[in-house]
Protein chains: 2
Amino acid sequence: MTKSLARRTFDEDVVLDAAAHVFRKRGYGAATVREVAQAAGMLPGSLHYRYPSKEALLLDLMERALTRVLELGRAAVEHAPDPAERLRLGLRAHLEALLSGDDDFYVLLYDWRSLRGPSMQAVLRLRSRYEAFWDDLLWEAVRSGWARPNLDVELLRQFGIGAMNWVAQWRHESDPRTPAEIADTFWSYLAFGLLAEDKRPGKKTFGQMAKRRKAGPKRPAKGGRK
Amino acid sequence: MTKSLARRTFDEDVVLDAAAHVFRKRGYGAATVREVAQAAGMLPGSLHYRYPSKEALLLDLMERALTRVLELGRAAVEHAPDPAERLRLGLRAHLEALLSGDDDFYVLLYDWRSLRGPSMQAVLRLRSRYEAFWDDLLWEAVRSGWARPNLDVELLRQFGIGAMNWVAQWRHESDPRTPAEIADTFWSYLAFGLLAEDKRPGKKTFGQMAKRRKAGPKRPAKGGRK
DNA sequence: AAGCTTCTTGGTCAAATGACCAAGAGCCTG
DNA sequence: CAGGCTCTTGGTCATTTGACCAAGAAGCTT
C-alpha cells in the first residue's frame, strides 16, 4: 500500500507483525522505529527502505487489521441463514479475532487516533465498511421480526462493538472463559436483556418503559474546572 | 499524592487540567513535558518542581479521574431506592462524566497502560473500587428479583462498562443525542434486550435459551415506540 | 522586617529519536 | 554471466526529549 514497487520480494507480514507487537507493548507514541526494526530482525535502515516513516507503518498495520476482521466476520456469517444466528456468529468472529493473540487489533483499538490527515481518512473509510457489515446484520434481525422494530440500529451497533472491544482490556490469557463463550453470553444479554421473566412488560411498549421515568436531579459535573 | 510537601500553595488542578488536555490531544506517549508546561502557563522547570517525572503527572491524573467518576456515580445513585432506577442513574452518571468534556476520562481510557510498576498498581486498586461499585448495583438488581438470577455479574459489568466507554470513541460534540438519552437507551437495551415481544420465551430459563436457539412462532411484531 | 518556605527562572546535559543515504551485497532473469 | 533489480549495511545528522539545577523572586508567618 505504501510503496508501489514493481516487484517486492520481502515478506511484508513479518515487518507488520513485528510492528504490531512493539506498538501493542509500548504504545505507538512511545515505540521507536529502532525497536520495530530489531523485532523484525533487521537494521533501522532496512526498515526505512520499506516504510518511509513510522506513520506509514501504522497505516499499513491498521489497514491489515480492518481488512482481516471484516473478512473474518463475513466468513463466519456466510452460511447461516437465520438472522439471530448470524448475529451470534458475528459476535463470535469479532471476539475470536480480538482475542486470538493477533496484536493488530489491539493497536487498532488504541492507536488509530495517532494517524493524521489522509492516513486517518483511509482508516475511517475502512472502519465504516466494517460498521456497515454490522448494520446489515442488525437490520436483517429487525426486518425478519426477530428483533423489536423500534431499535436505533446505529446506537445498538456501537453498544455491541463497544462491549466487545472492551474485552481486550480485561480478559487475561488465564481467563477460563473462551472467546466463544463470552460472545454467546453477550449475545444472550443482547437478545433477552436482564429483566426477570415475571417482570417482563405485557402490552406496554419498551420505548415507553425506558423513557417514562422522570428525570432525576441533574447534577452538573462536580469539581469545578475551566 | 506525588509529593508530600508540608504545605503547597499552588493549584494542583490547573496543572492536571493542562496535562489532561495535552495527553488527550497527543496521546501520553507522544506528548512532551514541555507541551504540558506551556499549556499550564509555566516553564518546564516549574513543572518539574511540582512533578518529578512525566509518569507522576499521569498517575495523579488517573487517580483524580477515577476518584471523580466514583464520586459522581455514588452521588447519582444515592437517593434512588429502586435497583432498576439506580442502575439507570449509574449509567447516566458514567456517560455524563465521560462526555462532559473533562479530558481526564479520555486519558484514563487510552493511557492507563502506560503506567508501570507501583503506579499501575495504585490505579488498578482504584479501578477495582469502581468496579465494585457497579457490581453492587448489579447484585442489588438480581437480589431484588428485578433481574434474572442466572447472570454472570462480572461479565455483565464489563459488558456494560465497555459499551459505555466506547461512546467516547464515536460521539461527536455535534451529536444530537444527549449523554442522558444514550444512557437511557443503553439501559433499555440492557433491561429488555432486542427480542421482539412475541418472540419472548415462556417458562424456560434464559440460560437454556441462550444455548438452544430456535425460531419461535411467527406473529407480527407488536409495540412500537416514538 | 526578618526568616523561612514555596515556587520560578533560564538555563544545561546526556541520551534518544525519526529520517536519511552512499555504497555494496544478494539474487533473479535474460 | 552480465546487467539490473531488490534489499542491507553501517553509518550521519539535526532535533527533540526527560530530567535536572543553582540562583533568585514571591509570599506567608511571626
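Within every chain, numbering begins at 1; the chains are lettered A, B, ... in the order of the sequence lines, protein sequences first and strands thereafter.
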For the pair made of [atom1] in [X] and [atom2] in [N], what is the distance, rounded to whole Å?
X: B/Gln38; N: D/dT16; atom1: CD; atom2: C1'; value: 15 Å
X: B/Tyr49; N: D/dC20; atom1: OH; atom2: P; value: 16 Å
X: A/Lys54; N: C/dA19; atom1: NZ; atom2: P; value: 8 Å
X: A/Leu47; N: C/dC20; atom1: CG; atom2: P; value: 13 Å
X: A/Leu43; N: D/dT8; atom1: CG; atom2: C1'; value: 7 Å
X: A/Met42; N: D/dT9; atom1: CE; atom2: C1'; value: 12 Å

Could you check which of [options] has an atom nearest any side-chain atom of [X]?
X: B/Val33; options: D/dT8, D/dG18, C/dC7; value: D/dG18
X: B/Arg50; options: C/dT8, C/dT17, D/dT9; value: C/dT8
X: A/Ser53; options: C/dT8, C/dG18, C/dA19; value: C/dA19
X: B/Arg34; options: D/dT6, D/dT9, D/dG18; value: D/dG18

My understanding is that only one of A/Asp111, A/Leu126, A/Asp104 makes a side-chain contact (heavy atoms from CB on, under 4.5 Å) with A/Met62; could you say which?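 The residue from A/Asp111, A/Leu126, A/Asp104 that satisfies side-chain contact (heavy atoms from CB on, under 4.5 Å) with A/Met62 turns out to be A/Asp111.
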Residue pair A/Arg88 / A/Arg92, side-chain heavy-atom distance below 4.5 Å: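 Yes. Closest side-chain heavy atoms under 4.5 Å.
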Is A/His48 close enough to C/dC20 that one of its side-chain N or O atoms is under 4.0 Å from OP1 or OP2 there?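 So the side-chain polar atoms of A/His48 do come within 4.0 Å of the phosphate oxygens OP1 or OP2 of C/dC20, strictly under.
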Quick one: label [X] by what it contacts on the DNA or RNA (base, sugar-phosphate, nothing), any heavy atom closer than 4.0 Å.
X: A/Ala31; result: sugar-phosphate
X: B/Ala30; result: nothing
X: B/Ser46; result: base

Upstream residue (5' side of DNA chain D) when A/Gly41 and B/Tyr28 are each assigned their closest nucleotide: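 Closer to the 5' end of DNA chain D: A/Gly41.
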Say you draw a straight line from CZ of A/Phe186 to CG of A/Leu87; how long is it, rounded to the nearest 0.5 Å?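 A/Phe186 atom CZ to A/Leu87 atom CG measures 14.0 Å (nearest 0.5 Å).
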Which heavy atom of B/Leu72 sits nearest a heavy atom of B/Ala97, and at what distance?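 Looking at all heavy atoms of both residues, the shortest contact is CD1-CB, 3.7 Å.
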Both conditions, 6.0 Å and 45 degrees, for the charged tip of B/Arg24 above the ring of B/Tyr110: are they met here?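 The answer is no, since B/Arg24 fails at least one limit relative to B/Tyr110.
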